[in-house]
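Below: the structure, in C-alpha cells.
Bear in mind the structure is a predicted one, so any value in this text is a computation, not a measurement.
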Amino acid sequence: MAQVRVRFAPSPTGSLHVGGARTALFNWLFARHHGGRMVLRIEDTDRSRSREESARGILEGMRWLELDWDEGPERGGDYGPYYQSQRLPVYREYLHRLEEAGAVYPCYCTPEELAARREEARRAGRPPRYDGRCRALSRQERSDREGRGIEPVLRLRVPAAGATVVDDLIRGSVSFENAVLDDFILWKSDGMPTYNFACVVDDAAMRISHVVRAEEHLSNTPKQLLLYAVLGEEPPRFAHVPMILAPDRSKLSKRHGATSLEEFRQQGFLPQAMVNYLALLGWSPDGVTEKMDRGFMVAHFDLGRVTHNAAVYDVQKLTWLNAIYLREMAVAALARAVTPFLRRAGLIPEELAGPQQEYLERVVGLLRERAHTLEELAALADYFFRPVEGYDEKGVRKHFRGEGAAELLAAVRERLAGAEEFTAAALEAAFSDLAAARGVPRGALIHPVRLAVTGRTMGPGLFELLELLGRERVLDRLARAQRWLEENVV
RNA sequence: GGCCCCAUGGUCUAGAGGCCUAGGACACCACUCUUUCAAGGUGGUAACCCGGGUUCGAAUCCCGGUGGGGUCACCA
C-alpha cells in the first residue's frame, strides 16, 4: 500500500461526542497500523455555527484520549492550513477548474423558495430534489437576477444517466443511480464552499489515501466521487463505519445522558478505558479479547473486521472496563487522577503537602478496587478527609441497636487506647482477643466499629482502615459515636 | 415517501456451508470466598427477525417480506 494518509475532520459546532471520538480512534488506529499519517482538519465552513471554543474542545478531547495527529492545528504540516476557513484560495482555485470545464452554473433560487418547493414535493410524495430550473438560464436572465441584487449559489451539473459506484472497504460496492442525485450546491452565496466541495478539494489537495468516516456520509459519497471525476483527481478509498446509537436505538443526542467525551471525563472515566471501549464498538480483533492496550489495538486493527451494523453504546460495559483500569493503575498515577475529584468534593485543599500526598496514595490503594469511576472513588474516600457526619440508617438499626452498643464501643475504645502498636496486624489481634474475652464473634465488634468510624456499613478491611486513620482519629470517632448513642435511643 | 445501509441473547460481539448441542464479554440470577462492600471463583437464564429457495447439509449463499438506521439543507 502506498503512503497511508487518513484524516479526522470534525466540524467545530459542539463538543467531541462518542461517535466522533470513535471515528477519530479508527482513523488513528488505521494510520498507526500502517505506519501512515494522521491528519486533523477542522471543517469550519459554516460561519454561523462554527465556534473557536468547540475546536479547542475537540483538540482537548483528542489529547485526553492520546490520539495524536501528525499534521493539523498546532502542529502544522506540508498541506496546511488545516482550518477550512483559511483555505479559501485553494477552494477558489479548484472552483475555477470546474468553471473552466463548464461543470457548474449559478442558481438564483432563494433558500425560502427552495424550502417551499421541497415541502411541496414532500407533501405530493415526490422526492425533494432540486429541479434544475436555473441550469439553462440565458445571459439576460442571469443579469436580470444579479441586477436585483441576488447573490447566486453555484451548483454542479450532475449527469442524469448512469450510476456511480462506491467501492467501500467495509461494505463492498454500493451503487447509486445518478438520476437520484440532484445538482447540489458547491458554493454558498456567502462565498464559502459547501461541505461536499471543501471536503473533496481538501482530501485531494492533502493527498488523503483513505477516508474513514461515519456511515451517515455514505450517501454523500457518490456526489463526492462525481466531483473527483470532473476535477480529474483520483479519489481516495472509502470506509464507512457504522453509527453509534443511543440505548433506544435512535441517533445519539443530549437527552440520552452522557454523549460527549467531556461528560464521561467528568464522571470519572479514564481515557484508557474509554479508548478500549470505543475500539470494541464496531470492531473486535478476535471475538474474545476484551481488554486491550494501545499496542495491541494498533497491531491488530483491521478495517475488514469492522462490523456493518450500528452499535448501541452501553455505559455498564464501559464502567466495567473502567474499574479494571482503575485497579491496575499505579497508585501514584491513580492518586493524581482522583485529585481533581476530591477537590471538587471539597475533601482536599488546592495544594497537597508531601505527607498528605503519601496519605492520599494509601487511601487510594485501599479504595481502588471498590470503585468503578474516579468520581465514585472520591465519594468513597470522604471519611478519610473529614469527620463522620452521620451514620448509615440501616447500619444503625443493625449494629447500633440495643443497650450494649455504647458499652461495646467504650470497651473497644479502651482497648485501642492501650494498644502498643496501631498497625493492622496488631489491631486484628486486639479485636480477636477482645471478642474472645467477651465471648462474641469478631463480627460483633467489627461492624459497630466500622459504622462508628466511617459512618458506613461497607468499605475496606477494617484493620487497614483503622491503621490508616490513626489512633487519634479512631479514638475520637469512637467517643463521638458513644455520645451519639447516648443521645439517640435506638 | 425515494435512495442507501444493516439484521446472532437486554447490550457489544465471534461465526466467511458441515468443526454450532451457536463461542466470548457486559448486565442479570444463584452459589462460593469473606469482618462488610468490592474484586475473584463456580454455575445458570438468555440469540441466529420471518418466509421461500439453492444444497446431501445453511446462522452462514440467493430472493421476498418485516424491522431498525442513515440520507435526501446555501449543516457537516
Between [M] and [N] - [atom1] atom distance, rounded Å:
N: B/rC49; M: B/rU8; atom1: P; value: 6 Å
N: B/rC19; M: B/rU60; atom1: P; value: 13 Å
N: B/rU13; M: B/rA46; atom1: C1'; value: 15 Å
N: B/rA58; M: B/rC20; atom1: C1'; value: 11 Å
N: B/rG43; M: B/rC50; atom1: C1'; value: 34 Å
N: B/rC5; M: B/rG44; atom1: C1'; value: 37 Å
N: B/rA14; M: B/rA59; atom1: C1'; value: 12 Å
N: B/rA30; M: B/rG68; atom1: P; value: 35 Å

Tell me whether the rings of A/Phe301 and A/Phe26 are parallel (<30°), tilted (30 to 60°) or perpendicular (>60°).
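Taking A/Phe26 first and then A/Phe301, their aromatic rings sit tilted (interplane angle of 30° to 60°).
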Taking 4.0 angstrom as the limit, do A/Arg117 and A/Glu113 come out as a salt bridge?
yes
Opposite nucleotide pairing with [N], Watson-Crick or G-U, both atom distances under 3.5 Å:
N: B/rG18; value: B/rC56
N: B/rA25; value: B/rU11
N: B/rA30; value: B/rU42
N: B/rG64; value: B/rC50
N: B/rC72; value: B/rG1

Any pair counted as side-chain hydrogen bond (donor to acceptor under 3.5 Å, both in side chains), so long as it reaches residues 122-131 of chain A, sequence neighbours left out
A/Asp131-A/Arg133
Which is true for A/Phe431 with a 4.0 Å heavy-atom rule: it touches a base, it touches only sugar-phosphate, or it touches nothing?
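Answer is nothing: A/Phe431 stays at 4.0 Å or more from every strand.
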The single option from A/Leu478, A/Thr454, A/Leu465 passing side-chain contact (heavy atoms from CB on, under 4.5 Å) against A/Val449
A/Leu478
For the atom pair [atom1] ([X]) and [atom2] ([Y]), what is the distance rounded to the nearest 0.5 Å?
X: A/Trp187; Y: A/Leu98; atom1: CH2; atom2: CG; value: 10.0 Å
X: A/Glu53; Y: A/Ser15; atom1: CD; atom2: OG; value: 10.0 Å
X: A/Glu43; Y: A/Thr13; atom1: CD; atom2: OG1; value: 10.5 Å
X: A/Tyr383; Y: A/Leu347; atom1: OH; atom2: CG; value: 12.0 Å
X: A/Asp183; Y: A/Leu154; atom1: CG; atom2: CG; value: 11.5 Å
X: A/Leu40; Y: A/Arg7; atom1: CG; atom2: CZ; value: 11.0 Å

Just how far, in rounded Å, is [atom2] of [N] from [atom1] of [X]?
X: A/Lys223; N: B/rC4; atom1: NZ; atom2: P; result: 15 Å
X: A/Glu369; N: B/rU36; atom1: CD; atom2: P; result: 14 Å
X: A/Lys251; N: B/rG70; atom1: NZ; atom2: P; result: 6 Å
X: A/Leu218; N: B/rC72; atom1: CG; atom2: P; result: 12 Å
X: A/Leu367; N: B/rC37; atom1: CG; atom2: P; result: 16 Å
X: A/Arg327; N: B/rC37; atom1: CZ; atom2: P; result: 17 Å
X: A/Phe238; N: B/rC5; atom1: CZ; atom2: P; result: 16 Å
X: A/Tyr325; N: B/rA38; atom1: OH; atom2: C1'; result: 20 Å

In residues 436-461 of chain A, which ones come under 4.0 Å of RNA chain B, going by heavy atoms?
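Nucleic-acid contacts, sorted: A/Arg442, A/Ile446, A/His447, A/Arg450, A/Thr457, A/Met458, A/Gly459, A/Pro460, A/Gly461.
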If you take any heavy atom closer than 4.0 Å to RNA chain B, which residues from residues 156-175 of chain A end up in contact?
A/Arg171, A/Val174, A/Ser175
Within 6.0 Å of NZ in A/Lys291, more than 12 heavy atoms from elsewhere
yes
Considering residues, nucleotides and ligands other than A/Arg47, do more than 12 of their heavy atoms fall under 6.0 Å from its CZ?
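Yes - once you tally the heavy atoms of other residues, nucleotides and ligands closer than 6.0 Å, there are more than 12.
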What string of B, S and - do you get for nucleotides 9-27 of chain B, 5' to 3', when a contact is any protein heavy atom under 4.0 Å?
--SBSSS-------BBBBS
Would you list the protein and nucleotides 74-76 of chain B atom pairs, both N or O, that sit under 3.5 Å from each other?
| residue | atom | partner | partner atom | Å |
| --- | --- | --- | --- | --- |
| B/rC74 | O2 | A/Ser189 | N | 2.8 |
| B/rC74 | O2 | A/Ser189 | OG | 2.7 |
| B/rC74 | N3 | A/Ser189 | OG | 2.8 |
| B/rC74 | N4 | A/Cys109 | O | 3.2 |
| B/rC75 | OP2 | A/Lys188 | NZ | 2.8 |
| B/rC75 | O2' | A/Asp46 | OD2 | 3.1 |
| B/rC75 | O2' | A/Arg49 | NH2 | 2.8 |
| B/rC75 | O2 | A/Arg49 | NH2 | 3.3 |
| B/rA76 | OP1 | A/Thr45 | OG1 | 2.6 |
| B/rA76 | OP1 | A/Asp46 | N | 3.3 |
| B/rA76 | OP1 | A/Lys188 | NZ | 2.8 |
| B/rA76 | OP2 | A/Tyr195 | N | 3.1 |
| B/rA76 | O3' | A/Glu43 | O | 3.4 |
| B/rA76 | O3' | A/Glu43 | OE1 | 3.0 |
| B/rA76 | O2' | A/Ser11 | OG | 3.4 |
| B/rA76 | N6 | A/Asn220 | OD1 | 3.4 |
| B/rA76 | N6 | A/Asn220 | ND2 | 3.1 |
| B/rA76 | N1 | A/Asn220 | ND2 | 3.2 |

Any donor-acceptor pair under 3.5 Å from A/Arg22 side chain to A/Val18 backbone
no
Looking at A/Arg456 and A/Asp392, would you say the former's side chain and the latter's main chain have a donor-acceptor pair under 3.5 Å?
no
Compute whether any side-chain donor of one residue and acceptor of the other, for A/Arg171 and A/His308, lie under 3.5 angstrom apart.
no
On RNA chain B, compare the nucleotides closest to A/His372 and A/His308; which residue's is nearer the 5' end?
A/His308
A/Arg415: salt bridge (Lys or Arg N to Asp or Glu O under 4.0 Å) partners, not counting sequence neighbours:
A/Asp433
Looking at the base of B/rC72, is there any donor atom on it, or on the side chain of A/Arg129, that sits under 3.5 Å from an acceptor on the other one?
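Answer no: no donor N or O sits under 3.5 Å from an acceptor.
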